Chemist: 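Below is one structure. I have some questions about it.
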There are 2 protein chains.
Amino acid sequence: MNNKAQIRKTLANAGLKATVQRLVILEALTDNFSHPTAESIYRQIKKKYPSISLSTVYNTLEVFRQHGLVRFVNTGSVTVRYDPVTDKHHHLFLEDSNKIEDYYNNELDRLLNKFFSKNKIPNFEINDMQVQIKGRYSKYQKAN
Amino acid sequence: MNNKAQIRKTLANAGLKATVQRLVILEALTDNFSHPTAESIYRQIKKKYPSISLSTVYNTLEVFRQHGLVRFVNTGSVTVRYDPVTDKHHHLFLEDSNKIEDYYNNELDRLLNKFFSKNKIPNFEINDMQVQIKGRYSKYQKAN
DNA sequence: TTCCGAGTTAATAATCGTTCCAAGTTAGAA
DNA sequence: TTCTAACTTGGAACGATTATTAACTCGGAA
Ligand SMILES: [Mn+2]
Ligand SMILES: [Mn+2]
Ligand SMILES: [Zn+2]
Ligand SMILES: [Zn+2]
């Protein structure tokens, strides 16, 4: 689905040169929905592309962020985690594994929009909204 | 309302020794609803209590956190910010000033509870939930 | 074809926020 | 009042991120 041609197209749409580094980093991101850190993306890429530099990973992620290709995930900890999904969605924070999972629900989004249309925050213009859900899986571990 | 006696009581309730350092840090927190960083709490305290160590601020905030006296705020940035309000509430992230404001709304909480009662996430037990609202004040700046 | 220059990368240093540690101090139980 | 586990301190260490900069790339003039 998200093959190399698609990745090139994404870069072109963002007005970014399709360098090898950007291709592998973006490819790594599209393969990886675990909300990875810069470091873990770096390790993942190093196998295929050993000459990559950690600086380049940081630089590129920042360029991607500025062009809306990735987002930061708000975690309460020190390390920044990146999210290649820039569509509206929410997050499940797993309390016993520092995993972060995506949660999509259009009905929830409609509910929130409706709520904040009725209950305006005075003089405040909302640009984005995200629900952080903390908890744990019981009984069955979710398949990864 | 939250005088020194009250602060001592809070520490006692948590089963913590009432050291001078803990008293001034907790006092600083109760005065400060700007979701401060460890560093900014440190600077604030240093005026009254110049011998305080930054390590102590970090240590103490961590102890407070373990005893439910403060929380981390999840921001997308590198620095941890602390929240002395441990009641259920949500946050407004001001997009042009890195300020964070509290947002309380019981009706919103009821709405969310109701939603997630009906729309259970399979095998997932929710322990906490927080809405992050990003945006900006228009026209009038909110009085600080 | 050669050359140029903007854009990019890699290596390294610098900085930042946080944690760790060994040694000294203290709150408060007894 | 004494005693000791709990606490604080300052500095070093650490991990994550950012800044600096020199080398590389490559498409498009000349
Ligand atoms: Mn996300
Ligand atoms: Mn809060
Ligand atoms: Zn996500
Ligand atoms: Zn708050």
Side-chain angles (χ1 to χ4, degrees), chain A residues 7-8 11-12 14-28 35-46 48-67 69-83 98, chain B residues 4-5 7-28 35-46 48-67 69-83 98 100:
Chain A
I7 286 172
R8 282 181 178 277
L11 287 174
L16 295 172
K17 279 192 183 174
T19 66
V20 182
Q21 291 86 348
R22 286 174 179 173
L23 289 168
V24 295
I25 292 172
L26 193 47
E27 189 181 13
H35 304 85
T37 63
E39 178 73 33
S40 72
I41 292 167
Y42 172 67
R43 285 197 307 268
Q44 182 181 343
I45 287 169
K46 204 120 218 253
K48 288 189 180 178
Y49 190 104
S51 73
I52 191 102
S53 154
L54 181 56
S55 303
T56 301
V57 174
Y58 273 106
N59 290 338
T60 303
L61 286 169
E62 175 58 17
V63 170
F64 286 177
R65 194 189 63 79
Q66 285 169 3
H67 289 80
L69 271 49
V70 298
R71 288 186 177 185
F72 289 160
V73 182
N74 297 169
T75 74
S77 92
V78 121
T79 316
V80 173
R81 297 177 69 164
Y82 296 86
D83 195 335
N98 97 333
Chain B
K4 314 228 171 189
I7 287 172
R8 279 183 180 278
K9 200 172 288 178
T10 304
L11 287 175
N13 286 345
L16 295 172
K17 277 193 186 176
T19 66
V20 183
Q21 293 85 348
R22 286 174 179 175
L23 289 169
V24 295
I25 292 173
L26 193 47
E27 188 181 15
H35 304 86
T37 63
E39 177 74 31
S40 72
I41 292 166
Y42 172 67
R43 284 196 308 268
Q44 183 182 342
I45 287 171
K46 209 136 212 242
K48 288 189 182 180
Y49 191 105
S51 72
I52 191 109
S53 157
L54 181 55
S55 301
T56 302
V57 174
Y58 275 106
N59 290 340
T60 303
L61 286 170
E62 175 58 16
V63 170
F64 286 177
R65 193 189 64 78
Q66 286 170 3
H67 290 78
L69 270 47
V70 298
R71 288 186 178 184
F72 290 158
V73 182
N74 296 169
T75 73
S77 91
V78 125
T79 315
V80 173
R81 297 178 68 164
Y82 296 85
D83 196 335
N98 97 335
I100 301 170

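Atom set for the values below is all heavy atoms of this structure, side chains included, hydrogens, waters and symmetry mates excluded. All values reported here derive from a predicted model rather than from experimental measurement. A, B, ... follow the sequence lines: proteins, then strands. Residue 1 opens every chain.
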Chemist: Once you round it to whole Å, what is the distance between C1' of C:dG17 and CZ of B:Arg43?
Modeler: 13 Å

Chemist: Look at the side chain of B:Ser55 and the base of C:dC20, then say whether one donor and one acceptor between them are separated by less than 3.5 Å.
Modeler: yes

Chemist: Within the 4.0 Å heavy-atom criterion, would you say B:Ser51 contacts the bases, only the backbone, or no part of the nucleic acid?
Modeler: sugar-phosphate

Chemist: Among C:dT9, D:dT8, D:dA16, which is the nearest nucleotide to the side chain of A:Thr79?
Modeler: D:dA16

Chemist: Measure the distance from CG on B:Asn59 to P on C:dG17 and round it to the nearest whole Å.
Modeler: 18 Å

Chemist: Which is more 5' along DNA chain C, the nucleotide nearest A:Ile52 or the one nearest B:Leu16? Just name the residue.
Modeler: A:Ile52

Chemist: Could you give the CG-to-P distance, from A:Leu23 to C:dT8, as a whole number of Å?
Modeler: 13 Å

Chemist: A:Lys17 near the nucleic acid: base, sugar-phosphate alone, or nothing, with a heavy-atom cut-off under 4.0 Å?
Modeler: sugar-phosphate

Chemist: Within 45° of the ring axis of B:Phe72 and under 6.0 Å from its six-membered ring centre, is that where the NZ or CZ of B:Arg81 lies?
Modeler: no

Chemist: What's the CG-P distance between B:Leu54 and D:dA13, to the nearest Å?
Modeler: 17 Å

Chemist: Between D:dT9, C:dT9, C:dT18, spot the one nearest the side chain of B:Gln21, thanks.
Modeler: D:dT9

Chemist: Hey, which sits more toward the 5' end of DNA chain C by its nearest nucleotide, B:Ala18 or A:Ser53?
Modeler: A:Ser53

Chemist: Could you walk me through whether A:Val80 and A:Thr37 pass the side-chain contact (heavy atoms from CB on, under 4.5 Å) check?
Modeler: CA-CA 6 Å; A:Val80 173; A:Thr37 63; over 6 Å; no

Chemist: Considering only heavy atoms from C-beta outward, does the side chain of A:Ile52 approach that of A:Ile45 to under 4.5 Å?
Modeler: yes

Chemist: Classify the nucleic acid contact of A:Thr56 as base, sugar-phosphate or nothing, counting any heavy atom under 4.0 Å across all strands shown.
Modeler: base

Chemist: Could you state the CG-P distance from A:Leu26 to C:dT8, rounded to the nearest angstrom?
Modeler: 15 Å

Chemist: Atom CD1 of B:Ile41 to atom C1' of C:dT18: distance rounded to whole Å?
Modeler: 14 Å

Chemist: What is the nucleic acid contact for B:Tyr49, judged by heavy atoms within less than 4.0 Å: base, sugar-phosphate only, or nothing?
Modeler: sugar-phosphate

Chemist: Would you name the heavy atoms of A:Leu11 and A:Phe64 that are closest together and state the gap between them?
Modeler: CD2-CE2, 3.8 Å

Chemist: Given atom OH of A:Tyr58 and atom P of C:dA11, what is their separation to the nearest angstrom?
Modeler: 17 Å

Chemist: Enter the inter-axis angle for the ends of the helix from C:dT1-D:dA30 to C:dA30-D:dT1 (five pairs per end, rounded to 10°).
Modeler: 10°

Chemist: Considering only C:dA27, C:dT18, D:dT17, which nucleotide approaches the side chain of B:Val80 most closely?
Modeler: C:dT18

Chemist: How long is the line joining CD of B:Glu62 and C1' of C:dG17, in whole Å?
Modeler: 14 Å

